[in-house]
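Order of listing sets the numbers, starting from 1, for every ligand and every atom in it.
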Amino acid sequence: MTEVGNRRELRIAIIGAGMAGILSAIKLREAGLSDYVIYEKADRVGGTWRENTYPGVACDVPSHLYSYSFEPNPEWSHQFSPGAEIQAYFENVARKYGIDREIRFGEEIDRCEFRDGRWHLESSKGEQDEFDFVIAATGVLHHPSYPDIEGQADFEGSLFHSARWDPDVPLDGRRIGVIGTGSTGVQITSALVDRVEKLCLFQRTAQWIMPQENPAYTEEEKANFRNHPEQLRELHSQISQLFAAGFANAVVDADSELMRNIEEACTANLEESVKDPILREKLRPNYRAACKRLVISPDFYEAIQKPSACLVAEPIERIEAKGVRTRDGQLHELDVLVLATGFRVDRFMRPMEVIGRNGRRLDEIWADRPTAYLSISVPDLPNFFMLNGPNGPVGNFSLIEVAELQFDYILQLIDLVRSGSAGSVCASAEATAAFDRDRVEAAKKTIWTTGCHSWYLDDRGIPATWPWTFDRFREEMAAPKLEAYDF
Ligand code: NAP
């Protein structure tokens, strides 16, 4: 840290060049903090959108909300645009702001240690550097979760996780198996069913499906957006308010009328869309809609009723050379097997080794489970902030909006150090414990605790997500409560 007049010159490390890392760099520079380094382990920006290239990948948050508020995009092709378009959007934004030229690609941070008032980083290339602040923009749904199913190595066809799609494996006219019925498995099923000889979807738990059409924007509409950027900004804000007042409020109050409306829409979708009563009952979940992360699809029920589709609800016994053997003894012969089995959501920036104040290790701090004050700060990790860290609003939200609110808040804390009002800053242990107590209590009212297994739940069955309204999140992010921090 060097002093310039009354101000300190800060050096900042950004880890990750996905949505949140690009955002951080743009906002730091805008705030006059241009001494930063962005580390990215891969060779391209884009995070989750770089890694998820499976057929059918799309975002089920409306595109005009799933965009940076300061970089509206008149060119979105659909109300819910495909993954490749979203990846191109992030690449374009990174290029437009000159961020792409600044990124240290192919450099993973292995170790971060807070020593003598600064963060000492070591990268996979053996490089070492020192910083005043670290921003961990390392993503949430990032580490693939591989199922504990016997025999995966015996499979003679191609087997891969949905987030590690092998583009060289032919699909057309072949026999494809998909394990998992989350948003990913559902999107893959809809995208592939017409291309393949057979698509077997292995369902451990049925999912509620929220119907949602996905109209394309006409050339006229796009031209209108191009000519009237103010309309696009207005649209962003309108969708955001609709989301906050609708879905976001519903999920945190399981007894709300809004929640009942969502359930009714999902039930009607199942009743009206699936003709065969046996298939309909196989597809009927035995828990409330939105207890698991709600799957949104205009065409999944149509896809699963096609002659090339089969829904296998019998539990999987093991994987064999020729396919998947279910507990009823049947062998489902396959050429390709996709593990759409989700992510390890308790990893966050790990396996990076993080060592904070007084030699406290992150693995020790998070020995029980990850927690963070307001999802951004961890006691004993001074000047270390996370975007989309533990206990934030995740699920059917725009994580871009979440990250923007978080970054503006973090910037206010960084400014305290920059102005010399503070030496370093991190949430106090007391504030973090109080936040945790309150969120665990509030979680009892949410739809996520109404009797299902999902990635929202921690090892105790308590939702690890933000259990209050989105408006409350906005209010919290407006300005830090300084009494919650150690300076
Ligand atoms: P997921 O929702 O965690 O679903 C994983 C699926 O794999 C579940 O159906 C699960 O069954 C099944 N599974 C896991 N282990 C299994 C095993 N050993 N045997 C049989 N089945 C097994 O994962 P995801 O679909 O990849 O989605 C993760 C999250 O990513 C989503 O919830 C969403 O937030 C995000 N996402 C968003 C979009 C979008 O459009 N915005 C698209 C894709 C993903 P159980 O239900 O029984 O556990």
Side-chain angles (χ1 to χ4, degrees), residues 19 47-49 51-63 65-66 78-83 85-87 139-152 160-165 177-191 200-210 212 214 243 247 251 283 285-287 290-300 311-319 324-327 332 337-346 388 392-400 402 448 451-457 463-465:
M19 171 279 288
T48 201
W49 301 105
E51 293 191 356
N52 284 278
T53 57
Y54 60 81
V57 60
C59 185
D60 57 17
V61 173
S63 298
L65 177 61
Y66 196 80
H78 287 77
Q79 200 169 336
F80 303 89
S81 298
E85 229 179 277
I86 302 170
Q87 171 65 16
V140 191
L141 297 155
H142 176 58
H143 303 277
S145 171
Y146 287 88
D148 185 14
I149 302 174
E150 232 183 275
Q152 290 175 53
F160 41 80
H161 190 275
S162 53
R164 299 285 180 273
W165 197 271
V178 176
I179 300 180
T181 51
S183 305
T184 303
V186 161
Q187 287 181 338
I188 295 172
T189 301
S190 297
C200 286
L201 178 62
F202 294 90
Q203 168 187 286
R204 184 166 69 179
T205 312
Q207 275 276 12
W208 286 110
I209 310 286
M210 183 76 177
Q212 176 70 62
N214 187 15
F243 242 69
F247 187 78
V251 287
L283 286 166
N286 60 1
Y287 55 88
C291 180
K292 280 172 175 294
R293 201 276 195 183
L294 198 56
V295 174
I296 294 168
S297 172
D299 52 9
F300 170 68
L311 180 77
V312 183
E314 190 68 28
I316 295 172
E317 181 72 31
R318 62 178 175 273
I319 296 169
V324 171
R325 172 111 31 208
T326 42
R327 211 173 284 167
H332 303 267
L337 182 56
V338 180
L339 309 174
T341 45
F343 299 88
R344 297 179 66 195
V345 294
D346 63 345
N388 290 308
V394 291
N396 300 78
F397 296 106
S398 165
L399 284 189
I400 303 188
V402 172
W448 308 308
C452 67
H453 170 78
S454 80
W455 63 259
Y456 290 141
L457 304 180
T465 53

Need the ligand 1 atom indices (1-based, order shown) with element for anything under 4.0 Å from a heavy-atom of [X].
{"X": "Ile179", "value": "20 (C), 21 (N)"}
{"X": "Arg293", "value": "32 (O), 33 (C), 34 (O), 37 (C), 41 (N)"}
{"X": "Tyr54", "value": "42 (C), 43 (C)"}
{"X": "Gly180", "value": "6 (C), 7 (O), 9 (O), 12 (C)"}
{"X": "Thr184", "value": "24 (P), 25 (O), 26 (O), 27 (O), 43 (C), 44 (C)"}
{"X": "Gln187", "value": "40 (O), 42 (C)"}
{"X": "Asp60", "value": "39 (C), 40 (O), 41 (N)"}

| request: Evaluate the side-chain proximity of Glu51 to Arg164: yes if any heavy-atom separation is below 4.5 Å, no if none is. | output: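 Contact flag for Arg164/Glu51 side chains = yes.
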| query | Taking Gln187 for the side chain and Ala58 for the main chain, is one N or O donor matched with an acceptor at less than 3.5 Å? | reply |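 Here the side-chain-to-backbone pair exists.
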| said: Check whether Asp299 reaches the backbone of Ser190 with its side chain - one donor and one acceptor, N or O, closer than 3.5 Å. | reply: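 No: the side chain of Asp299 does not pair with the backbone of Ser190.
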| message | Under 3.5 Å between any N/O of Thr181 and any N/O of ligand 1: does that happen in this structure? | response |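 Yes; at least one N/O pair falls below 3.5 Å.
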| query | Between His453 and ligand 1, does any nitrogen or oxygen pair lie at a separation below 3.5 Å? | reply |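 No, no N or O pair falls under 3.5 Å.
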For ligand 1, is [X] a contact, meaning one of its heavy atoms is under 4.0 Å away?
{"X": "Tyr146", "answer": "no"}
{"X": "Leu141", "answer": "yes"}
{"X": "Ser162", "answer": "no"}

| query | Is Glu150 atom CD crowded by more than 12 heavy atoms from other residues, nucleotides or ligands, each under 6.0 Å away? | reply |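 Not buried by this count: 12 neighbours or fewer within 6.0 Å.
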Among [options], closest by any non-hydrogen atom to [atom]:
{"atom": "atom 46 (O) of ligand 1", "options": "Lys292, His161, Arg204", "result": "Lys292"}
{"atom": "atom 6 (C) of ligand 1", "options": "Ala340, Gly185, Cys452, Gly342", "result": "Ala340"}
{"atom": "atom 39 (C) of ligand 1", "options": "Pro144, Ala206, Pro315, Ala58", "result": "Ala58"}

| Would Tyr54 and His161 count as a close aromatic pair, with their ring centres under 6.0 Å? |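 Between Tyr54 and His161, the centre distance exceeds or equals 6.0 Å.
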